[in-house]
Amino acid sequence: MIRYISRMPDRAWEDARPRTVALLGSTGSIGTSALKVVEAHPGLFRVAALAGARNVRLLAEQAARHRPPHLGVLDEAGAAQLRGLLPAGYAPEIHVGPEGYAALAALPDASTVLSAQVGAAGLRATVAAARAGKVICLANKESLVLAGALIRRICSETGAVVLPVDSEHNAVFQALRVHDTLRDGGRAPDAVRRIILTASGGPFRGRDRAFLSTVTREQALNHPNWSMGAKITIDSATLMNKGLEVIEAYHLYGVAPDDIEVVVHPQSIVHSLVEYADGSQIAHLGTPDMRIAIAYCMAWPRCVDTGVAPLDLVRAGCLTFEAPDLSSFPCLALARRVLASEARTPGGAGLPVVLNAANEAAVELFLHGRIGFMDIPALIERALDAHQAESADAESADAEPADQANTDGYMPMHDIDHIEALDAATRRRVRLWADVAGTQGTGNA
């Protein structure tokens with residue numbers, strides 16, 4: 001049964017021209033693709049805000065081209081650098097840090113927010129946009145992993161809308177529209193049997209653990225099908241990206257965890273499928289290019305030219321599917337373990353936060369050459385085990401924990417400050433373990 005996370009956009013938003021957009025994460029791969037969509041349809045969109053964290057030079061170029069009244073950067077040093085790069089006569093308001101991003105997400109001038117920051121850093125802005133009742137084109141899956149139940153509740157209170165930009169969830173979203181299972185509870189709420197997410201398998205599909213223990217940074221960043229940022233590319237290589245998407249699907253569509261399946265599809269042509277009660281499956285196929293999903297959300301309900309070459313099925317050739325190898329790629333199983341906790345208790349006793357924080361910290365360590373590829377899932381599992389053990393100890397002691405860094409399980413996971421505290425504590429813990437173990441590479445960190 002589908003219980004979508006929000007209502008659908010209203011007629012006033014659909015009819016508005018130009019549609020005012022705040023692009024958060026405008027200098028990343030999603031943000032730059034979104035600006036290509038904006039530039040291809042100047043009558044449909046107007047940029048109200050751009051935020052680019054550390055890539056100040058590219059942000060300045062984007063700002064000079066689109067002249068939004070608001071910009072966002074990570075810190076005051078970036079703001080000073082940005083002011084020096086902007087053309088004469090153009091003086092936008094520059095917002096700084098997480099609170100600045102949240103302010104941009106809630107701007108009265110913007111009806112639409114593209115949430116495309118990388119990782120947990122995007123949570124505050126996504127929540128701010130939801131609280132302000134915006135239409136959120138959501139590319140930051142971590143927002144739902146960390147606070148899916150909270151965002152669902154906020155959307156019900158404010159009328160905010162979530163439209164999924166992730167290619168897999170956008171494919172599911174489009175397939176669900178066939179039977180109108182999204183609007184007002186759907187005309188056929190029991191029609192859906194399963195959601196099937198496809199995974200490319202990354203660059204190491206078919207490889208065993210012995211090989212994976214030797215993987216280099218350069219090898220892991222060489223994705224066969226998609227051009228993405230470094231963090232999400234590593235997540236694709238470990239299959240953690242798919243694990244996070246399983247949790248995201250649970251929050252977006254309200255389906256039972258057992259009704260979300262993952263299949264490996266190396267060609268990345270079928271972006272995901274929905275299986276219906278009659279045994280049929282509806283799939284979304286297309287050229288692997290994020291402009292399709294971005295434009296589908298930003299231009300909703302219009303279908304606009306994205307500049308992406310149409311899929312040529314003859315040239316695509318055979319499409320193959322296989323089960324994921326959970327032995328060599330345990331991150332997917334770890335994410336399912338966390339989702340089981342989430343399904344029992346909204347917030348999952350903090351496990352979704354620990355999963356994501358441990359992964360982000362481990363990926364950063366791997367990218368800097370401090371741990372090996374197989375240390376990533378090993379550190380994540382260790383963090384989950386430690387958190388659960390401490391939560392059980394705290395519960396048995398029947399006492400409120402005094403030390404958040406050591407007994408985080410009792411933090412209320414519907415409060416952003418507590419989520420961020422557990423996130424920070426987990427990152428510190430993972431970095432400490434890596435420092436003690438040294439670079440291993442075998443999964444023993």
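Model, not experiment: these values are computed from the prediction. Because only heavy atoms are used, hydrogens play no part in the values below, and waters and symmetry mates are left out as well, while side chains stay in. Residue numbers start at 1 and run along the sequence shown.
Summarising the geometry of I30 relative to A116, their closest heavy-atom pair is CG2-CB, 3.7 Å, with the distance given to 0.1 Å. Y276 approaches I282 most closely through the heavy-atom pair CE1-CD1, 3.6 Å. For the pair A293 and V165, the tightest heavy-atom approach, listed with the atom from each and the gap, is CB-O, 3.2 Å. Residues P324 and L239 share a closest heavy-atom pair of CB-CD1, 4.2 Å. Residues A199 and K242 approach most closely at CB-CE, 3.4 Å, considering heavy atoms. Between Q267 and P288 the shortest heavy-atom distance is O-CG, 4.5 Å.
Ion pairing between a basic and an acidic side chain is recognised when a charged N comes within 4.0 Å of a carboxylate O; K36 and E39 show no such pairing. A salt bridge between E364 and K231 is absent, with no side-chain N of the basic residue lying under 4.0 Å from a carboxylate O of the acidic one.
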- request: Walk me through it: do D289 and T306 pass the test side chain to side chain contact (heavy atoms under 4.5 Å, CB included)?
  value: CA-CA 10 Å; D289 192 305; T306 61; over 6 Å; no
message: Walk me through whether D235 and K141 qualify under salt bridge (charged side-chain N to carboxylate O under 4.0 Å, His left out).
response: CA-CA 12 Å; D235 282 353; K141 63 176 66 67; over 6 Å; no
- prompt: Going through the checks in order, is the side chain to side chain contact (heavy atoms under 4.5 Å, CB included) test met by L332 and M240?
  reply: CA-CA 6 Å; L332 180 54; M240 177 54 85; over 6 Å; no
field: Steps toward ring-ring contact (aromatic ring centres under 6.0 Å, His included) verdict (F173, Y253)
entry: CA-CA 9 Å; F173 188 85; Y253 301 112; 7.2 Å; no
message: Let's go through R429 and E390 carefully: what are the C-alpha distance in whole Å and the side-chain angles of both, what is the deciding distance for salt bridge (charged side-chain N to carboxylate O under 4.0 Å, His left out) to 0.1 Å, and is it a yes or a no?
response: CA-CA 13 Å; R429 165 175 276 172; E390 290 166 356; 2.5 Å; yes
- request: Just do the salt bridge (charged side-chain N to carboxylate O under 4.0 Å, His left out) check on R65 and E61 with the steps written out, would you?
  value: CA-CA 6 Å; R65 189 160 64 250; E61 294 172 4; 5.8 Å; no
CA sep, side-chain torsions, deciding dist, call: L197, I195, side chain to side chain contact (heavy atoms under 4.5 Å, CB included): CA-CA 6 Å; L197 303 177; I195 286 174; 4.0 Å; yes
task: Show the numbers, then the answer: is there a side chain to side chain contact (heavy atoms under 4.5 Å, CB included) between T426 and V353?
output: CA-CA 8 Å; T426 302; V353 179; 5.6 Å; no
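Rounding to the nearest 0.5 Å places CD1 of I136 at 9.0 Å from CG of L163. Note that CG of L114 is 6.5 Å distant from CE of M298, once rounded to the nearest 0.5 Å. Rounding to the nearest 0.5 angstrom, the gap separating the CG atom in L311 from the OG1 atom in T287 is 5.0 Å. Taking CZ of R152 as the start and CD1 of I154 as the end, the distance is 12.5 Å to the nearest 0.5 Å. In this structure, the separation between CD on E142 and CG on L123 is 10.0 Å, given to the nearest 0.5 Å. In this structure, I260 CD1 and Y250 OH are separated by 8.5 Å, a value rounded to the nearest 0.5 Å.
With no hydrogens or angles considered, no side-chain donor-acceptor pair links S268 and S200 at under 3.5 Å. A donor-acceptor contact closer than 3.5 angstrom is absent between the side chains of H265 and E322. For the 3.5 Å distance criterion, the side chains of Q174 and N170 qualify, holding a donor opposite an acceptor. Defined by atom type and a distance below 3.5 Å, a donor-acceptor pair is present between the side-chain atoms of Q219 and T216. Between the side chains of S167 and H271, no donor-acceptor pair of N or O atoms lies under 3.5 Å. N356 and D423 form no side-chain donor-acceptor contact under 3.5 Å, judged by distance and modelled atom types alone. A side-chain donor from one of H169 and E248 sits under 3.5 Å from a side-chain acceptor of the other. Counted by atom type alone, D278 and S280 present one or more donor-acceptor pairs between their side chains at under 3.5 Å.
Within 6.0 Å of the CZ atom in R193, the count of heavy atoms belonging to other residues, nucleotides or ligands exceeds 12.
Using a distance-only test at 3.5 Å, with no hydrogens or angles considered, a donor-acceptor pair links the side chain of R217 to the main chain of L367. Distance alone, capped at 3.5 Å, places no donor-acceptor pair between the E275 side chain and the Q281 backbone. In this structure a side-chain-to-backbone donor-acceptor pair under 3.5 Å is present from D325 to S328. Remark: the backbone N or O of G119 is paired with a side-chain donor or acceptor of N140 at under 3.5 angstrom. A donor-acceptor pair under 3.5 Å is formed between the side chain of R302 and the backbone N or O of E14. The backbone N or O of S29 lies less than 3.5 Å from a partner atom in the side chain of T32, making a donor-acceptor pair. Proximity of a side-chain donor or acceptor of Y4 to a complementary backbone N or O of V162 within less than 3.5 Å is detected. Side-chain atoms of D208 come within 3.5 Å of backbone N or O of A210 as a donor-acceptor pair.
Aromatic ring pairs are classed by plane angle as parallel below 30°, tilted from 30° to 60° and perpendicular above 60°; the pair H95 and H70 is tilted.
Counting only residues at least two apart or in different chains, salt bridge (Lys or Arg N to Asp or Glu O under 4.0 Å) contacts with residues 124-135 comprise E99-R124, R124-D417, R124-E420. Within the structure, side-chain hydrogen bond (donor to acceptor under 3.5 Å, both in side chains) contacts touching residues 41-55 (residues at least two apart or in different chains) do not occur.
Looking only at side-chain heavy atoms (C-beta outward), R209 and P330 come within less than 4.5 Å of each other. In this structure the side chain of V161 reaches within 4.5 angstrom of the side chain of R7, judged on heavy atoms. Between L104 and L71, every side-chain heavy-atom pair lies at or beyond the 4.5 Å cut-off. The closest side-chain heavy-atom distance from V47 to F45 is not below 4.5 Å. Y296 is not listed as a side-chain neighbour of V37, based on a closest heavy-atom distance of 4.5 Å or more. Residues S272 and H284 fail the side-chain proximity criterion, which asks for heavy atoms closer than 4.5 Å. Put simply, the side chain of V264 does not reach to within 4.5 Å of the side chain of F321, judged on heavy atoms. Contact of the I151 side chain with the S143 side chain is registered, since non-hydrogen atoms from C-beta on lie closer than 4.5 Å.
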For residues 21-28, run the donor-acceptor check on the side chains, cut-off 3.5 Å, and write out each pair with its distance to 0.1 Å, sequence neighbours left out.
{"from": "S26", "atom 1": "OG", "to": "A51", "atom 2": "O", "distance (Å)": "3.3"}
{"from": "S26", "atom 1": "OG", "to": "Q62", "atom 2": "OE1", "distance (Å)": "2.8"}
{"from": "T27", "atom 1": "OG1", "to": "G52", "atom 2": "O", "distance (Å)": "3.3"}

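Note: F204 and F329 fail the aromatic proximity criterion, with ring centroids not under 6.0 Å apart.
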